[in-house]
Amino acid sequence: MINFLDLKAINAQYADELKSACARVIDSGWFIMGKELETFEQAFADYCGVKHTIGVANGLDALILTIRAWKELGKLHSGDEIIVPANTYIASILAITENDLVPVLVEPDEHTFNLTAEGIAAAITPKTKAILPVHLYGQIAPMTEIMALAEAHQLLVLEDCAQAHGAAIAGKRVGSWGNAGGFSFYPGKNLGALGDAGAITTNDDELATAVKALRNYGSLVKYENLYQGVNSRLDEIQAAMLSVKLAYLDGETARRRMIAKRYLAEINHPHITLPRWERDEEHVFHLFVIRTQERSALKQYLADKGIQTVIHYPIAPHKQACYRAIKHEALPVTEKIHQQVLSLPIDPVMTDEQISYVIESINQFKINNVN
Ligand SMILES: *Cc1c(COP(=O)(O)O)cnc(C)c1O
């Protein structure tokens, strides 16, 4: 059986370190907003190349609280439009609607699955106040062009970095391009906690201070409340787990890239379209996503061979029951992507033999109705 992602095996590599870090927190008797959080926040800020990291409870809150902070600071207002890819995971869009702003869904490039500068430019209206690019599947969006557009139109940029820890263009990593970046450390993400966790990265002192208050009841000084905040803190045990795993992130990314390169070089099937990327540093392969019109047959065939695959995502956000009322143009590219994508196992602990077996199995896939 080849698991899509073997979390048990991934964390087992670091079990001794994780257990001793956990014991250190238990022995300290301090569980919320302490030294472990400060240490991780500093390490992750250094990793991303930014001034501030603010830990929060999860990736959705990282996005929600950044937009909320911009509202508190008077930079965004209810009803403002935010441009977001139509094919993203629902969380990117929830963060906008949760704040009473309007998501403007834009079609991605079908080969990179990411927004393009042309697509964004065509969607800008006088009401547009921000862009929320998503580095989907682990590939950085075209940030050089996006930042130029944002500057020309005076738009804020919030990067959704939940799938792309460490992806970069010219050495500049995700989370350091926009005005802020939102990260998830959900267990299955490239940098995963052993529970829920998230963070905001930014170089903006004012934003960092506002988010720090918002995550903790709107308070910076105990029992003094600046904002009607929430409770969204990254606890000491998860911060300690993340500090252990951050040290291994680049090694795991290198392994993911190696698997992706083998898939790209060795999968050869007339009915399968492989993903595209330009340079290694731009993609950290959270997912390796192929497209095929024979998706359900291929998925079943691989399952029969003991190979687990996943669809990211089966239903487009604008087709979800919760967004029935959302206004959007026709979205044929997004709909095609949702009908055709299939994610292959890309797990840093896969063996070379397992990778070969996935490749051979796919290359031998026969389509019933076609010769
Ligand atoms: C996982 C994810 C999120 C949300 O992160 P959580 O920690 O699960 O709340 C947001 N955006 C994208 C693109 C994601 O993949």
Side-chain angles (χ1 to χ4, degrees), residues 4-5 7 40 44 53-68 82-99 103 105-106 108 112-115 130-141 143 146 157-167 174-175 177-178 180-201 211 214-215 230-235 238-239 241-242 245 249 256 275 283-289 310-318 320 322-323 334 337-338 341 343 346:
F4 181 71
L5 187 70
L7 274 183
F40 174 69
F44 197 67
T53 289
I54 305 101
V56 294
N58 55 65
L60 175 58
D61 278 0
L63 300 171
I64 289 179
L65 294 180
T66 303
I67 296 172
R68 172 78 192 278
I82 300 191
I83 289 172
V84 64
N87 61 321
T88 185
Y89 179 58
I90 194 104
S92 325
I93 299 171
L94 288 171
I96 299 170
T97 55
E98 170 71 19
N99 277 294
L105 306 182
V106 171
T112 65
F113 304 106
N114 276 332
L115 287 180
I131 308 169
L132 202 164
V134 180
H135 308 303
L136 201 68
Y137 306 149
Q139 179 166 210
I140 189 169
M143 291 312 295
I146 290 175
V157 176
L158 169 55
E159 299 171 68
D160 183 337
C161 307
Q163 302 188 356
H165 317 70
V174 298
W177 285 86
F183 285 84
S184 166
F185 307 119
Y186 178 79
K189 299 290 160 85
N190 286 24
L191 177 58
L194 308 190
D196 273 316
I200 292 132
T201 53
V211 170
L214 283 168
R215 73 173 172 187
V230 298
N231 178 348
S232 180
R233 300 174 299 220
L234 199 177
D235 67 70
Q238 294 309 334
M241 301 299 100
L242 288 165
K245 291 184 73 180
L249 176 59
R256 286 173 183 272
H283 209 324
V284 295
F285 293 97
H286 175 56
L287 299 171
F288 189 94
V289 179
V310 182
I311 296 169
H312 297 92
Y313 299 93
I315 305 173
H318 69 282
Q320 298 285 355
C322 67
Y323 284 134
T334 297
I337 285 172
H338 283 79
V341 287
S343 306
I346 187 157

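Both ligands and their constituent atoms are indexed starting at 1 by order of listing.
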Open item on the list: Going by side-chain contact (heavy atoms from CB on, under 4.5 Å), name the residues that satisfy it together with S184, two or more places apart in sequence or in a different chain.
Closed with: A162, Y186, K189

Task: S92 and D160: side chain donor to acceptor below 3.5 Å - done: yes

Open item on the list: Tell me if the aromatic rings of H165 and F183 count as close, with their centers under 6.0 Å from one another.
Closed with: yes

TODO: Please identify each residue that fulfils ring-ring contact (aromatic ring centres under 6.0 Å, His included) with H135, with sequence neighbours left out.
DONE: none

What are the polar N/O contacts of ligand 1 with the protein below 3.5 Å, with distances?
| residue | atom | partner | partner atom | Å |
| --- | --- | --- | --- | --- |
| ligand 1 | 5 (O) | S184 | OG | 3.2 |
| ligand 1 | 7 (O) | G59 | N | 2.7 |
| ligand 1 | 7 (O) | S184 | OG | 2.6 |
| ligand 1 | 9 (O) | G59 | N | 3.3 |
| ligand 1 | 9 (O) | L60 | N | 2.9 |
| ligand 1 | 11 (N) | D160 | OD1 | 3.3 |
| ligand 1 | 11 (N) | D160 | OD2 | 2.8 |
| ligand 1 | 15 (O) | Q163 | NE2 | 2.8 |
| ligand 1 | 15 (O) | K189 | NZ | 3.1 |

Task: Beyond-backbone contact of H338 with P314, side-chain heavy atoms, under 4.5 angstrom - done: no

Name each donor-acceptor pair under 3.5 Å that joins a side chain in residues 57-67 to protein atoms two or more places apart or in another chain, with its distance.
| residue | atom | partner | partner atom | Å |
| --- | --- | --- | --- | --- |
| N58 | OD1 | L60 | N | 3.2 |
| N58 | OD1 | D61 | N | 2.7 |
| D61 | OD2 | S232 | OG | 2.6 |
| T66 | OG1 | A62 | O | 2.7 |

